[in-house]
Structures are given as C-alpha cells and as structure tokens.
Amino acid sequence: LEELSEEVRNGIISKMLPDTVVEALEDMDTDDLVETLSSLPDEVLQDILVSMDVQDRYRAEKALSYGEETAGFIMNTDTITLRPDVAVDVILRYLRLKGDLPENTDTFYVVNRSDYLIGSVPVTRLLTSHPNVTVAEVMDEEPDAITVDMPDDQVASLFERYNWLSAPVVDEDYLDVKIDEKLKQTITEPPKFKVVFLNDDTTPVEWVISILVQVFRHTNDSAEKITL
C-alpha cells in the first residue's frame with residue numbers, strides 16, 4: 001500500500017473491511033503507517049484504529065498526535081532499546097534469538113526504567129565488547145537527540161550534515177528531566193563560615209541579638225543564651 005499514490009491507496013482502503021486494512025498495515029514502518037493513516041477520511045481512520053491491537057493503536061495515535069512535517073510525525077518506533085544494567089552477553093543472546101534488526105540500525109539507545117534516554121551504544125562496539133560488562137560500561141552518555149517538534153527539513157539537514165543513519169527522537173518530558181539534572185549539577189552547597197562575636201563594652205546586646213535573629217535565623221531565646 002505504501003507504494004501506491006495517495007488517491008489510489010485511499011480508494012482501495014475505503015472498499016476494504018477495517019480488519020483487512022489492519023492486516024495490510026501490520027508490517028509497515030511507523031512513518032509509512034502514519035503517512036497512510038493521516039491521509040484517510042476521519043471516519044475510516046477511526047474504524048481502522050479501533051480494529052488495531054493496543055500496541056499498534058498506541059504507536060499510531062502517538063505519531064498522529066504530532067504535527068505533519070515534524071520529527072515526531074515521521075519517526076519510526078520500530079527500535080530496540082537497552083537497559084544500562086544488562087550484560088552485553090544477554091543483549092547478544094537476545095539479538096540472536098530475534099534474528100532481524102530494524103532497518104538502518106547502527107546504534108542502540110539506552111533508556112532507564114522511566115524510558116528516558118540516557119545513552120547510546122554503536123552496534124559495532126556492542127559486538128566487540130567483553131560479554132561480561134554491562135551496557136552502562138560501554139555506552140556513550142548524552143547522545144545527540146532530535147525533539148519531536150523539530151521540522152522535518154531540519155531533521156533531514158542534520159542527517160545529511162552528520163551522515164547519520166539513525167537518531168533518537170525525544171519529547172518535552174525528556175527535556176524537562178535533562179534540564180533539571182543540569183540544574184542540579186550546577187547548584188553547589190555554599191561555603192560555610194564560622195562567626196565569632198567578641199564581647200566588649202560598647203556594642204549593645206540588643207543589636208547582637210537582632211543580628212542573630214535576622215541574619216542567622218536564631219530564636220530570641222537561643223540568641224539571648226549565646227550572648228550570656
């Protein structure tokens with residue numbers, strides 16, 4: 001279906017039962033799937049979405065929620081993500097069992113338990129690493145990422161400029177977490193100083209108590225005890 005023109009494709013789909021359409025769309029990459037669905041009349045689209053299984057419907061609705069001509073709209077969700085605490089040997093055994101890799105897979109992306117992007121591992125490095133090390137030990141931290149709302153022409157420009165085969169696409173939640181982490185890294189505990197008050201015959205006790213209360217956050221009782 002993805003090879004047909006929009007007019008011909010929509011004409012064929014309009015004459016098919018929703019379940020049959022779902023079977024025909026099943027093996028499509030997400031970007032082709034979304035392009036096909038977005039061109040359909042709303043009534044036909046809703047019938048097809050209802051007929052999809054939960055996982056396929058979620059990925060279709062998620063991609064459709066982004067504006068056309070954006071990274072989120074054209075991204076492909078058919079990816080393999082890794083956890084940082086898993087051993088390389090376990091990953092390699094899983095890949096052998098899986099067989100085929102998603103098209104254009106040159107890098108695996110590492111996510112935490114909240115599915116936030118935390119690193120990347122080139123396929124070549126994974127294949128040549130010691131099987132007993134963990135993904136965290138061989139991954140690159142903070143990989144370059146594309147935001148879901150980036151215009152598709154900018155995405156194409158980045159791929160051409162850096163000769164990418166793949167790149168992760170992230171949303172605002174991920175950016176909020178990364179900004180928060182950056183802020184935490186820049187906030188340091190202020191230096192602490194020891195303050196000594198010397199008793200004399202000219203400084204009023206009331207003034208010392210006021211400084212202890214207003215500046216050093218003592219209560220009146222504790223400030224008075226200090227001055228005794």
* Asked: Do V50 and L45 belong to the same hydrophobic cluster, where Ile, Leu, Val, Met, Phe, Trp and Tyr are linked whenever their side-chain heavy atoms lie under 4.5 Å apart, directly or via other members?
  -> no

* To do: Answer yes or no: is there a donor N or O on one side and an acceptor on the other, between the side chain of R83 and the main chain of N112, under 3.5 Å?
  => yes

* T147 and D149: side chain donor to acceptor below 3.5 Å -> yes

* To do: Check step by step if side chain to side chain contact (heavy atoms under 4.5 Å, CB included) holds for L95 and F108.
  => CA-CA 12 Å; L95 294 176; F108 294 113; 3.8 Å; yes

* To do: Taking the side chain as every heavy atom from C-beta outward, state whether P143 and L117 have any pair of such atoms under 4.5 Å apart.
  => yes

* Asked: For the hydrophobic clusters of this structure (ILVMFWY residues joined by side-chain heavy atoms under 4.5 Å, transitively), does one cluster hold both V44 and M16?
  -> yes

* **Student check: side-chain heavy atoms of S51 and D19 closer than 4.5 Å** => yes

* To do: With rounding to the nearest 0.5 Å, note down the distance linking CD in E43 to CG in D47.
  => 6.0 Å

* Step by step, would you call D140 with T107 a side chain to side chain contact (heavy atoms under 4.5 Å, CB included)? -> CA-CA 11 Å; D140 296 322; T107 299; over 6 Å; no

* **Spacing of L82 atom CG and I118 atom CD1 [to the nearest 0.5 Å]** => 10.0 Å

* Given I80 and K98, is the side chain to side chain contact (heavy atoms under 4.5 Å, CB included) satisfied, shown in steps? -> CA-CA 11 Å; I80 297 174; K98 181 177 176 59; 3.5 Å; yes

* To do: Following the transitive rule for hydrophobic clusters with a side-chain heavy-atom cut-off under 4.5 Å over Ile, Leu, Val, Met, Phe, Trp and Tyr, establish whether V90 and V111 coincide in one cluster.
  => no

* Can you tell me if CD on E69 sees more than 12 non-hydrogen neighbours from other groups inside 6.0 Å? -> no

* Structure fact -> CZ (R113) and CG (D85) are apart, to the nearest 0.5 Å, by 5.5 Å

* Asked: When rounded to the nearest 0.5 angstrom, what distance separates CG in D153 from CG in L158?
  -> 10.0 Å

* Asked: Going hydrophobic residue to hydrophobic residue with side-chain gaps under 4.5 angstrom, can you get from M52 over to V54?
  -> no

* From CG (L165) to CD (E103), nearest 0.5 Å -> 10.0 Å

* Under 3.5 Å donor-acceptor, E137 side chain and T134 backbone -> yes

* Would L126 and L92 count as a side chain to side chain contact (heavy atoms under 4.5 Å, CB included) if you check the C-alpha gap in whole Å, the side-chain angles of each, and the deciding distance to 0.1 Å? -> CA-CA 8 Å; L126 192 73; L92 294 178; 4.3 Å; yes

* Asked: Just how far is it from atom CD of E142 to atom CG of D144, taken to the nearest 0.5 Å?
  -> 10.0 Å

* Does the side chain of W164 reach to within under 4.5 Å of the side chain of I146, using non-hydrogen atoms? -> yes

